[in-house]
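Below is a structure I'd like to ask you about.
Convention: sequence-line order gives letters A, B, ...; per-chain numbering from 1. The analysis underlying the following values was restricted to heavy atoms, covering all of them including side chains, and did not include hydrogens, waters or symmetry mates.
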Number of protein chains: 2
Amino acid sequence: MGASKTEHFTDEQNAIATLSKALGHPARVAIMEYLIKVDTCICGDIVNKLPLAQPTVSQHLKELKNAGLIKGSIEGNAICYCIDEKELTKLQSYFANISDKLEKKKSNCC
Amino acid sequence: MGASKTEHFTDEQNAIATLSKALGHPARVAIMEYLIKVDTCICGDIVNKLPLAQPTVSQHLKELKNAGLIKGSIEGNAICYCIDEKELTKLQSYFANISDKLEKKKSNCC
DNA sequence: TAATTATATTGCAATATTACGATAAAGATT
DNA sequence: AATCTTTATCGTAATATTGCAATATAATTA
């Protein structure tokens, strides 16, 4: 059908999937990396850095914002975007936890 | 147009996006978690665990395999899937690195 | 070798994503 | 107030994803 059956999975599984999906496009990875690198983070700078049209970048920013990975604040005429660390930390600790489990298991299945 | 302009981004950005995208569906997150939890990992078990039809699960397994996150080996009649740690480690260290950078920066932008 | 079991593939419908031109909205500047 | 600058939204086309029934493939067993 095209729509995920999210209701059948745990909240954590859905949360991790949502965050991962938000980073599932190179432009959005590039935006995150840019925001981490610079401290000034005006939307127009991001548009200039990326090889995409302004509406497309705006859409990608919206998706990152919806996922909670970035936040934006009005800066006069412009909008200042920056990383929202909370969700990123969630992802980071999730993967750290998984790696830890695998490390301990020393899986020899396949 | 609908197709990502992957050629404009770095290899690492594309790699992280591909891995993230593969985990961008709760069913695939659930599959990964199941494979981490159990040591026996026959495809049929996964199908039974998930609230999805067999062809759908097969498709999700294929995507995880294409991304390099799991590998499968023929086990007589059945197929044994398990985690391929290499790519997962790549993701884990990527996020660890990002978190580290943010930690050091103590960003006070927004 | 026929039937069974396990998994993959095909085909298709429903929906989502990606991209961008045109345009709107809102503050800044003249 | 008219214009400029900056960002968001709308509309739309191209493509991708999700899901499953039907079917194919391949090893196993009777």
Can you tell me how far P of D/dT7 sits from CG of A/L64, to the nearest Å?
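The answer, rounded to whole Å, is 16 Å.
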At what distance, to the nearest 0.5 angstrom, does CD of A/Q13 lie from CG of A/D11?
9.5 Å
Rounded to whole Å, how long is the line connecting atom CD1 of A/I74 with atom C1' of D/dT6?
12 Å
If I take atom SG from residue B/C41 and atom CD1 from residue B/I79, how far apart are they, to the nearest 0.5 angstrom?
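Atom-to-atom, B/C41:SG and B/I79:CD1 are 11.0 Å apart.
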Counting side-chain heavy atoms from CB outward, which of D/dT9, C/dA19, D/dT18 is closest to B/H25?
D/dT18
Interatomic distance, A/E75 CD vs D/dT7 C1' [rounded to whole Å]
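These atoms are roughly 14 Å apart.
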Quick one: A/E63 CD to C/dT17 P, roughly how many Å, whole number?
7 Å
Between A/R28 and A/Q54, which has a closest nucleotide on DNA chain C that is more 5'?
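This one resolves to A/R28.
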Pair B/D100, B/K104 - check salt bridge (charged side-chain N to carboxylate O under 4.0 Å, His left out), show working.
CA-CA 6 Å; B/D100 201 48; B/K104 275 173 186 148; 3.1 Å; yes
Between P of C/dA19 and NE2 of B/H8, the distance in whole Å
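Taking atom P of C/dA19 as the reference, NE2 of B/H8 is at 9 Å.
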In whole angstrom, give the distance that lies between atom CD of B/Q59 and atom P of D/dA24.
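Rounded to whole Å, this separation is 19 Å.
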Atom NZ of B/K21 to atom P of C/dT17: distance rounded to whole Å?
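Spelled out: NZ on B/K21 to P on C/dT17 is 10 Å.
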In whole angstrom, give the distance that lies between atom CG of A/L52 and atom C1' of C/dG21.
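So the CG-C1' distance, A/L52 to C/dG21, works out to 15 Å.
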Distance test, side-chain N/O of B/H60 to OP1/OP2 of D/dG19, below 4.0 Å
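Looking at the OP1 and OP2 atoms of D/dG19, one of them is under 4.0 Å from a side-chain N or O of B/H60.
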Take the angle between the ring planes of B/H60 and B/H25 and call it parallel below 30°, perpendicular above 60°, tilted in between.
tilted
What's the closest nucleotide to the side chain of B/Y81 if the choices are D/dT9, D/dT7, C/dT7?
C/dT7
Which residue lies toward the 5' end of DNA chain D, A/N77 or A/T56, if each is placed at its nearest nucleotide?
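Counting from the 5' end, the first nearest nucleotide belongs to A/N77.
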